[in-house]
S.K.: 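Mind having a look at this structure? Questions to follow.
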Amino acid sequence: MSEQPVERYFLICALTIAVAGAVNDVRGARIPNWLTYSGLGSALVVRCVAVGWVGLTGGFAGLLFAGGIFYFLFLLGGMGGGDVKLMAAVGAWAGIHHVMPILAGSAVAGGVLAVWYVLAYGQLRQTLLNTVALAQHHLTSGLRPHPVLNIRESSTIRIPYGLAVAVGTLYCVGKTFWWR
């Protein structure tokens, strides 16, 4: 099945939601529900009106796939709830055809951001020790959050992952419009 031309322009809406989420995340370490829920709902409505059933199902599949991966990370204690909802809204706008490049770009941007934060806070040694502890925990306890090494602990360095989502979405927009 070929992609509808309008799908490319839905990416601009996805980028708008992602950038708004990134700004809020960087400024206040929160991504507001009004942004994510309105972005998600409007994506599904606009996709259905503009493209019909195919648009709605593509948006819903993007929501489930992108949001589902982030939800899994949330359950492990490695991701905040706002990040999950932001990625679900971005996935709903972008649709299933564009979710993988957004996720890949977000993962690379998130990795770079994490390294920058680790170095900026002088936590390289502790981060390496924590990584080994997390690996041991998951090998022995399965896919359960670590009791201490998780996002809910106040001593954890929190990375504004909304910024990584925005960079990943920008990558996908660039790839779709300019780098073909």
Side-chain angles (χ1 to χ4, degrees), residues 14-15 17-41 43 59-94 96 98-172:
L15 181 60
I17 295 291
V19 168
V23 168
N24 279 284
D25 204 8
V26 169
R27 282 186 179 168
R30 288 197 125 6
I31 301 171
N33 285 337
W34 66 263
L35 173 69
T36 56
Y37 291 139
S38 64
L40 205 152
F60 195 67
L63 174 160
L64 289 176
F65 189 70
I69 288 175
F70 272 42
Y71 185 66
F72 176 72
L73 296 171
F74 170 78
L75 291 176
L76 289 177
M79 182 76 55
D83 300 319
V84 175
K85 292 178 279 188
L86 178 65
M87 184 52 87
V90 167
W93 272 111
I96 194 65
H98 296 288
V99 165
M100 283 307 295
I102 291 172
L103 286 169
S106 297
V108 170
V112 169
L113 196 58
V115 168
W116 187 84
Y117 265 73
V118 164
L119 295 176
Y121 282 90
Q123 294 292 314
L124 181 61
R125 181 179 183 280
Q126 188 60 51
T127 300
L128 293 174
L129 292 172
N130 289 351
T131 302
V132 170
L134 276 172
Q136 288 174 336
H137 170 76
H138 290 304
L139 287 172
T140 58
S141 300
L143 295 176
R144 282 189 278 213
H146 191 282
V148 176
L149 301 175
N150 64 65
I151 196 75
R152 292 166 193 88
E153 286 296 313
S154 61
S155 63
T156 302
I157 297 172
R158 286 168 177 75
I159 297 170
Y161 208 82
L163 182 58
V165 172
V167 170
T169 308
L170 179 62
Y171 163 75
C172 185

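Side-chain atoms are counted along with the backbone in the values below, which use heavy atoms only and exclude waters and symmetry mates. Numbers for residues simply follow the sequence, beginning at 1.
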S.K.: Nearest 0.5 Å, what's the CG-OH distance between L15 and Y171?
M.R.: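 Going from the CG atom of L15 to the OH atom of Y171 covers 14.5 Å.
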
S.K.: Would you give the length of the straight line joining atom CG of L63 to atom CG of L40, rounded to the nearest 0.5 angstrom?
M.R.: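 Interatomic distance, L63 CG to L40 CG, rounded to 0.5 Å: 4.5 Å.
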
S.K.: Which heavy atom in A66 sits nearest to a heavy atom in G91, and how many Å separate them?
M.R.: CB-CA, 4.2 Å

S.K.: What residue pairs, at least two apart or across chains, pass side-chain hydrogen bond (donor to acceptor under 3.5 Å, both in side chains) with a residue in residues 128-147?
M.R.: Q126-N130

S.K.: The criterion is side chain to side chain contact (heavy atoms under 4.5 Å, CB included); which residues satisfy it with R30, sequence neighbours excluded?
M.R.: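 Checked R30 against side chain to side chain contact (heavy atoms under 4.5 Å, CB included); zero matches.
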
S.K.: Mark yes or no for whether D25, through its side chain, and Y161, through its backbone, hold a donor-acceptor pair below 3.5 Å.
M.R.: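 Side chain of D25 to backbone of Y161, a donor-acceptor pair under 3.5 Å: yes, one is there.
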
S.K.: Would you tabulate the side-chain donor-acceptor contacts of residues 83-90 under 3.5 Å, counting partners in other chains and residues two or more places apart, or write 'none'?
M.R.:
unit_1 : atom_1 : unit_2 : atom_2 : d
D83    : OD2    : G80    : N      : 3.4
K85    : NZ     : N33    : OD1    : 2.4

S.K.: Please list, one pair per line, the donor and acceptor atoms closer than 3.5 Å that link side chains of residues 69-76 to other protein atoms, with sequence neighbours excluded.
M.R.:
none

S.K.: Not counting sequence neighbours, which residues clear ring-ring contact (aromatic ring centres under 6.0 Å, His included) with Y121? List them please.
M.R.: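 If we apply the ring-ring contact (aromatic ring centres under 6.0 Å, His included) test to Y121, skipping adjacent residues, the hits are Y117.
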
S.K.: Looking at A14 and T169, what are the two nearest heavy atoms and their distance?
M.R.: C-CG2, 3.9 Å

S.K.: Test of understanding: with side chain to side chain contact (heavy atoms under 4.5 Å, CB included), list the residues that count as partners of A20, not counting sequence neighbours.
M.R.: L35

S.K.: Under 3.5 Å, which donor-acceptor pairs do the side chains of residues 100-115 form with other protein atoms, sequence neighbours left out?
M.R.:
unit_1 : atom_1 : unit_2 : atom_2 : d
S106   : OG     : I102   : O      : 2.8
S106   : OG     : A164   : O      : 3.4

